[in-house]
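Working notes, structure below.
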Protein chains: 2
Amino acid sequence: MNSEFTIAVHSLVLLAYRPDHMATSDMIAHNVNTHPSRVRKVMSCMRKSGYITTKEGLGGGYILNCNPDEVSLAEIYRATSIGTMKPSWCSGQVDTECMVACNMAEVMDQIFCDAEQQLLIHLEQTKIIHVLERVRDAQLQK
Amino acid sequence: MNSEFTIAVHSLVLLAYRPDHMATSDMIAHNVNTHPSRVRKVMSCMRKSGYITTKEGLGGGYILNCNPDEVSLAEIYRATSIGTMKPSWCSGQVDTECMVACNMAEVMDQIFCDAEQQLLIHLEQTKIIHVLERVRDAQLQK
DNA sequence: GCATACTGTTATTATATTTATTACAGTTTC
DNA sequence: GAAACTGTAATAAATATAATAACAGTATGC
């Protein structure tokens with residue numbers, strides 16, 4: 001799976017952890033442990049999906065614009081990573097006589113597509129707030 | 001997802017399509033559209049899991065050693081790709097004060113692990129024979 | 001026995017993908 | 001109009017993936 005999903009989830013959980021706080025791409029990048037530019041790219045996508053609000057200019061940054069009880073990992077996956085379940089490498093060849101060789105790519109495609117749909121159904125259950133709760137639990141275990 | 005899964009499924013379906021036929025790595029590689037050496041690597045893994053029998057030497061090759069009605073894609077996934085759902089890239093840093101930064105990697109790990117378990121439950125439903133049937137259906141649609 | 005045709009496995013090279021970095025235009029604040 | 005931000009694209013570096021080569025080991029048939 002796409003690691004942009006990880007960055008998106010981490011960033012939204014961080015914003016949910018500090019509600020009403022503006023966070024800059026620099027602050028988030030430091031927390032996530034990646035480059036600010038990469039954070040901006042992912043967050044730009046989150047804004048287009050409506051999960052955050054961004055503000056340009058001095059004092060600007062990112063702030064949560066959704067209820068963390070309601071937005072699930074499925075929605076974040078859809079925004080950042082849809083289609084990435086299927087590996088880019090494909091088997092078979094279309095122009096062969098063998099029935100298996102020339103249809104396998106299509107059939108595997110179906111299989112990966114189905115699997116991704118199942119994954120979405122599963123991720124639907126976990127909301128941003130649940131991830132934050134798990135973080136809290138993990139902290140308490142120390 | 002790992003493309004060795006694709007190669008393994010394709011190869012087993014091919015063997016199921018031509019039961020009682022020895023197929024060499026060269027023949028399978030041609031069908032799958034990859035290098036014979038890669039096929040041998042994946043098939044070596046399939047042998048270790050007991051799904052095929054291999055024979056070295058002249059006239060050797062691979063032959064199915066399981067009931068295609070019984071072996072599911074979950075078993076093939078377990079043999080070839082377990083753990084590949086989780087991206088290798090990890091967010092956060094363990095030695096930080098921020099609760100989110102230092103626990104997110106662990107929490108995401110759980111999430112990917114859960115998702116992979118769900119995937120296995122889903123793949124359990126599809127047996128090798130079903131993939132072959134889907135290939136036949138795809139062929140008929142042409 | 002030995003040439004031939006296979007698998008098993010590792011090492012190396014080539015290619016593709018991912019991530020980091022740089023750069024700079026646009027925006028808002030002071 | 002300087003400073004501190006986002007948005008986006010381009011490039012470079014790092015990593016992962018796939019192809020290829022090489023060769024030891026094994027079975028077959030002459």
Side-chain angles (χ1 to χ4, degrees), chain A residues 1-8 10-11 15 21-49 51-65 79-81 83-93 105, chain B residues 1-8 10-11 15 21-49 51-65 79-81 83-93 105:
Chain A
M1 192 184 305
N2 201 322
S3 70
E4 290 197 356
F5 175 72
T6 301
I7 292 175
H10 187 140
S11 303
L15 294 184
H21 264 250
M22 263 303 180
T24 66
S25 64
D26 225 60
M27 289 162 63
I28 297 172
H30 208 259
N31 199 281
V32 167
N33 196 25
T34 187
H35 201 275
S37 181
R38 197 169 182 212
V39 170
R40 291 201 292 274
K41 190 183 165 205
V42 173
M43 291 310 252
S44 172
C45 170
M46 291 296 97
R47 172 180 53 81
K48 284 168 188 162
S49 302
Y51 305 131
I52 59 170
T53 300
T54 69
K55 195 180 161 208
E56 299 188 11
L58 201 154
Y62 304 93
I63 198 163
L64 206 64
N65 187 42
T80 60
S81 311
T84 59
M85 179 124 227
K86 183 191 159 196
S88 53
W89 191 92
C90 256
S91 77
Q93 279 172 300
Chain B
M1 191 184 306
N2 201 323
S3 69
E4 290 197 357
F5 175 73
T6 301
I7 292 174
H10 187 140
S11 304
L15 294 184
H21 265 250
M22 261 308 180
T24 66
S25 63
D26 226 60
M27 290 162 64
I28 298 172
H30 208 260
N31 200 282
V32 167
N33 195 25
T34 187
H35 200 275
S37 182
R38 200 171 180 210
V39 170
R40 290 201 293 273
K41 191 184 165 206
V42 173
M43 291 310 252
S44 173
C45 171
M46 290 296 97
R47 173 181 52 82
K48 284 168 187 162
S49 302
Y51 306 130
I52 60 169
T53 299
T54 69
K55 195 179 164 209
E56 298 188 12
L58 201 153
Y62 304 93
I63 198 163
L64 206 63
N65 186 41
T80 60
S81 310
T84 59
M85 178 124 229
K86 183 190 157 197
S88 52
W89 191 92
C90 256
S91 78
Q93 280 173 300

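What you see below is based on every heavy atom in this structure, not just the backbone, and it leaves out hydrogens, waters and symmetry mates. Every chain is numbered from 1 and lettered A, B, ... according to where its sequence line falls, protein lines coming before strand lines.
Not counting sequence neighbours, the partners of B/Gln93 by the side chain to side chain contact (heavy atoms under 4.5 Å, CB included) test are A/Asn33, B/Asp95, B/Thr96. With sequence neighbours left out, the side chain to side chain contact (heavy atoms under 4.5 Å, CB included) criterion links A/Leu58 to no other residue. Checked against salt bridge (Lys or Arg N to Asp or Glu O under 4.0 Å), B/Lys41 has the following partners two or more places apart in sequence or in another chain: B/Glu4.
Atom NZ of B/Lys86 and atom CE of A/Met1 lie 12.0 Å apart (nearest 0.5 Å). Remark: B/Thr53 OG1 to B/Asn65 CG distance equals 3.5 Å, nearest 0.5 Å.
Residue A/Pro87 comes nearest to B/Asn2 through the heavy atom pair CG-O, 4.3 Å, listed as atom of the first residue, atom of the second, then distance. Here the closest non-hydrogen pair linking A/Thr80 and A/Cys45 is CG2-SG, 4.4 Å.
Under the 4.5 Å side-chain criterion, counting only non-hydrogen atoms from C-beta, A/Trp89 is in contact with B/Thr34.
On the nucleic acid side, DNA chain D contacts chain B at distances under 4.0 Å to non-hydrogen atoms, with the end points of that region at D/dA16 to D/dT28.
Checked options A/Met43, A/Arg47, A/Met22, A/Met46; the residue passing with A/Thr54 is A/Arg47 (criterion: side-chain contact (heavy atoms from CB on, under 4.5 Å)).
The interatomic distance linking B/Met43 (CE) with C/dC6 (C1') rounds to 14 Å, in whole Å. Atoms CG (B/Asp26) and C1' (C/dT4) sit 14 Å apart, rounded to a whole Å.
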Study note, to complete from the structure: Each nucleotide of nucleotides 20-30 of chain C classed B (base within 4.0 Å of a protein heavy atom), S (only sugar-phosphate) or -, in 5' to 3' order, makes SBBB--BBBB-

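Map A/Lys41 and B/Arg47 each onto its nearest nucleotide of DNA chain C; the residue landing nearer the 5' end is B/Arg47.
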Exercise for review: Just do the side chain to side chain contact (heavy atoms under 4.5 Å, CB included) check on A/Arg40 and A/Ile28 with the steps written out, would you?
Suggested key: CA-CA 9 Å; A/Arg40 291 201 292 274; A/Ile28 297 172; over 6 Å; no

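Summary of helix geometry: the two end axes of the helix from C/dG1-D/dC30 to C/dC30-D/dG1, each defined by five base pairs via their C1' atoms, are inclined to each other by 0° (rounded to 10°).
Between C/dC6 and B/Ser25, no contact under 4.0 Å exists linking OP1 or OP2 to a side-chain N or O.
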